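What follows is a set of notes on a single structure, which appears directly below.
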Amino acid sequence: MAIEEQQDPFTAVENLKTALAGAGIVLPSLAVDIASPALKLVELGRVRADVAARLADALRQEGQE
């Protein structure tokens, strides 16, 4: 992946959505923070506790591979 793609928040959001979907996880509020375009921030938003637990499990499993 090119550095420019990594720095583009819209691409980052789409890549993250795809990766999360592969783990069966949806972050409903995942979006680009359009209020601060120069900072290129990604808004992860709030999630239910069960979604946060699944996300933590997915990250742990990835770290073990």
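Quick caveat: nothing in here was measured; it's all calculated off a predicted structure.
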Distance-minimising heavy-atom pair for Ala58 and Ile25: CB-CD1, 4.1 Å
If you look only at distance, which donor and acceptor atoms sit under 3.5 Å apart when one is on a side chain in residues 35-46 and the other is two or more places apart or in another chain?
residue	atom	partner	partner atom	Å
Ser36	OG	Asp33	OD2	3.2
Glu43	OE2	Gly45	N	3.3

Non-hydrogen side-chain atoms of Val51 and Arg48 separated by less than 4.5 Å: yes
Side chain proximity check, Val47 to Leu55, heavy atoms < 4.5 angstrom: no
Flag side-chain contact, heavy atom, 4.5 Å: Val26 against Leu20: no
SB check Arg54 Asp57 (cutoff 4.0 Å): no
Nearest-0.5 Å distance, CZ of residue Phe10 to CG of residue Asn15: 13.5 Å
